Protein chains: 2
Amino acid sequence: MQWNLEWLRTFRAIYETGTLSATAKELFISQPGVSLHLNSLEAYAGYKLFDRSPRKMVPTEKGKILYNFILEPLQKLESAEQHFHRRSQPERATISVGMCFETFQYTLEEHVASLPFNLIIKFGLYPQMQVDLDNGLLDMIVTPQKGNQQNLVYEPFSKERIVLIAGSKTDISELMPLLNGGDILDARDFLKQQLWYSTAGDMEHLKNFWSKNFNEHPDFSPNYIVPNISSIIRCLSDNEGFSIVPDFLCHEALDAGKIKLVWEGSKPWENTLYFGTRKNTMYHNELEQLKKLFEEKWEREMV
Amino acid sequence: MQWNLEWLRTFRAIYETGTLSATAKELFISQPGVSLHLNSLEAYAGYKLFDRSPRKMVPTEKGKILYNFILEPLQKLESAEQHFHRRSQPERATISVGMCFETFQYTLEEHVASLPFNLIIKFGLYPQMQVDLDNGLLDMIVTPQKGNQQNLVYEPFSKERIVLIAGSKTDISELMPLLNGGDILDARDFLKQQLWYSTAGDMEHLKNFWSKNFNEHPDFSPNYIVPNISSIIRCLSDNEGFSIVPDFLCHEALDAGKIKLVWEGSKPWENTLYFGTRKNTMYHNELEQLKKLFEEKWEREMV
DNA sequence: ATCTTTGTATCAGAAAAATAATAGTTATGC
DNA sequence: GCATAACTATTATTTTTCTGATACAAAGAT
């Protein structure tokens with residue numbers, strides 16, 4: 001036998017009002033009902049939760065502990081009650097979006113404060129994001145990978161190229177002729193000797209680019225591991241070293257001459273970026289606004 | 001009319017099992033009962049939460065949102081159900097203790113991992129801590145201030161002196177004769193010219209010490225504001241500058257000669273430190289263990 | 001096509017819970 | 001010290017909720 005969650009609502013009200021009759025009024029139930037709820041809860045727990053002083057219910061030790069344990073989740077459920085009631089007027093929506101950290105920083109960060117709805121950004125791995133999107137834990141994802149869930153649609157909105165960049169102080173006078181002249185193997189050996197930047201989670205870019213263009217797994221370790229790609233770009237700016245990154249993240253630094261684009265690979269490696277949403281999402285308008293922000297940013301920067 | 005929290009339990013189970021009959025089995029209620037709960041909830045919300053596909057209840061958009069909204073608090077309440085059931089064997093206790101950050105770092109930090117119970121440390125202001133202790137949000141506080149709550153007991157266990165210290169590189173050859181010779185006003189003027197360290201929340205120490213000894217409010221600002229007193233001590237170590245701190249926090253640095261004790265004031269300012277607990281606490285044994293750790297630390301260091 | 005399995009909805013009756021009325025208890029005011 | 005106010009517990013009755021039985025619907029097996 002399990003307890004009834006309504007007992008907890010009653011318990012909380014008794015704790016807060018201090019009397020059974022006040023509780024009855026607050027919850028719009030009868031005073032004996034309150035008494036019964038409390039007795040059931042105490043019987044279930046196996047100990048008194050209140051000392052019955054004549055004018056006031058005084059919580060016992062156990063009562064205090066129980067109260068503090070249940071208060072927060074109970075409030076959350078009761079707020080759900082408001083939220084999901086038919087008469088509750090449509091309020092500020094809350095949208096959850098999954099994307100990689102860099103994409104967020106690059107596109108959305110500057111607009112967060114001005115959005116007419118609440119926004120929750122979640123970071124994570126793309127396959128997990130797809131599952132979360134399908135389950136309603138996320139409302140949109142920005143991803144280079146399409147999944148195969150029935151209920152999801154993917155809408156391409158841009159492309160990213162994964163490219164080799166270098167800090168502007170890097171000496172590439174030796175490297176460029178090799179790359180342009182098709183001396184790929186010599187270029188590879190040159191690159192192995194250089195300073196490399198990478199991120200913990202993002203060695204994938206380096207590995208894939210290397211394998212695609214040099215037909216081998218990279219057999220050297222990056223010299224600097226930093227938290228994210230934006231950090232790489234800041235570290236490289238007006239500095240020395242190489243890295244493999246998505247091009248859209250470094251347009252500004254490229255334009256400012258702080259870093260230089262070295263090579264796009266023998267055949268450019270291009271990912272399509274998709275908005276992923278549920279077919280029957282109820283946040284269509286809000287998501288369209290978000291998509292517009294992305295598209296504007298891309299138009300502005302990628303000309 | 002408000003909704004019944006039991007509906008949520010049922011809703012969650014339907015969401016997770018996918019059918020009403022499986023839910024009925026899981027919750028030990030009848031299948032029509034499940035059907036009824038769901039209908040009530042949907043009527044209350046004003047929209048369908050599941051599409052009735054022949055073999056499976058498929059959550060709608062709203063259903064998914066509701067599920068994600070209530071899942072976590074519901075789990076918490078259900079864990080309370082385990083926890084507060086009479087047959088639940090006494091498990092690892094969880095003790096909440098309030099004290100200032102420095103006291104925690106100084107005494108308990110090194111022992112946390114080896115305690116046979118769970119420990120939650122909360123920081124805050126002493127009057128609020130007293131209220132929280134009385135309400136059962138905390139089980140013990142370590143404080144220099146006694147409150148007047150009926151239900152609380154305060155047990156003195158040590159004293160702290162608030163003293164003037166200086167980094168070992170500080171030149172105090174000019175200052176010491178003034179202090180020893182009773183030239184308090186000249187000492188005061190000398191001190192005003194020096195480098196001072198303080199914490200954001202802890203200007204109280206400086207203010208009180210200054211008022212007590214110099215009969216005026218300090219009319220200068222500290223040069224460095226750092227996050228806590230431990231930082232002050234690390235900053236001063238083998239360095240230059242002054243600060244007002246509780247003596248017990250700097251015994252090690254004093255013994256190592258990294259800082260020096262300059263002055264205890266014309267009449268030493270001494271606080272008694274108390275353990276505050278509720279009279280009828282159910283964690284007597286656990287709290288005694290904690291107290292022992294404190295007392296041992298003090299005995300070891302303050303000889 | 002037909003049968004079986006798996007599932008949902010409906011209904012009358014059974015069980016449980018909530019209620020109103022009321023009795024009992026203790027502080028407080030006069 | 002008694003009347004009153006404020007509150008809780010108990011009881012008989014009403015109301016709500018839950019259940020077993022059963023009808024119905026769709027998918028899969030034969």
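Convention: sequence-line order gives letters A, B, ...; per-chain numbering from 1. Predicted model only: the values in this text are computed from it and were never measured.
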Open item on the list: Expressed as a whole number of angstroms, how long is the span from N4(B):CG to dA16(C):P?
Closed with: 17 Å
- [ ] Write down the distance between CH2 (W3(A)) and P (dA16(C)), rounded to a whole number of angstrom.
- [x] 21 Å
Open item on the list: Applying salt bridge (Lys or Arg N to Asp or Glu O under 4.0 Å) as the test, list every pair that has at least one member in residues 132-150 of chain A; sequence neighbours left out.
Closed with: D139(A)-R278(A)
TODO: Take the protein atom CG of N39(B) and the nucleotide atom P of dC11(C), then report the distance between them rounded to whole Å.
DONE: 13 Å
Task: Residues from residues 11-24 of chain B lying under 4.0 Å of DNA chain C - heavy atoms - done: T19(B), L20(B), S21(B)
Task: N/O (side chain, H37(A)) to phosphate O (OP1/OP2, dA18(C)) under 4.0 Å - done: yes
Task: Interatomic distance, L27(A) CG vs dA18(C) P [rounded to whole Å] - done: 11 Å
Task: Residues which pass side-chain contact (heavy atoms from CB on, under 4.5 Å) with A80(A), listed by chain and number, not counting sequence neighbours - done: F84(A), W3(B), F69(B), I70(B)
TODO: Give a yes or no answer on whether the side chain of T19(B) reaches the backbone of K56(B) with a donor-acceptor pair at less than 3.5 Å.
DONE: no
Open item on the list: Restricting to side chain to side chain donor-acceptor pair (under 3.5 Å), what partner residues turn up for E288(B), sequence neighbours left out?
Closed with: K291(B)
Open item on the list: Quick test of your reading of the model: are K292(B) and E295(B) salt-bridged, counting only N-O distances below 4.0 Å?
Closed with: no
- [ ] For E16(A), enumerate each residue passing the salt bridge (Lys or Arg N to Asp or Glu O under 4.0 Å) test, keeping only those at least two apart in sequence or located in another chain.
- [x] R12(A)
Task: chain A contact limits on DNA chain D, taken 5' to 3' with a cut-off of 4.0 angstrom to heavy atoms - done: dA6(D) to dT10(D)
Open item on the list: Side-chain N or O of S35(B) versus OP1/OP2 of dA9(C): is the shortest distance under 4.0 Å?
Closed with: yes
TODO: Keeping the roles fixed (side chain from E78(B), backbone from R9(B)), state whether a donor-acceptor pair exists under 3.5 Å.
DONE: no
Open item on the list: Ring centres under 6.0 Å, that's the criterion: do F294(A) and F275(A) meet it?
Closed with: yes
- [ ] Mind checking S30(A) for me? I need base, sugar-phosphate or nothing, with any heavy atom below 4.0 Å counting as a touch.
- [x] base
- [ ] Round to a whole Å and report the spacing from CG of L41(A) to P of dA17(C).
- [x] 14 Å
Open item on the list: Using a 4.0 Å heavy-atom cut-off, does L36(A) contact any base of the nucleic acid, only the sugar-phosphate backbone, or nothing at all?
Closed with: nothing
TODO: Verify the contact: side-chain N or O of R52(B) to OP1 or OP2 of dA9(C), cut-off strictly under 4.0 Å; return yes or no.
DONE: yes
- [ ] Describe, in one word, how the ring planes of F50(A) and F11(A) are oriented to each other, choosing from parallel (under 30°), tilted (30 to 60°) and perpendicular (over 60°).
- [x] tilted
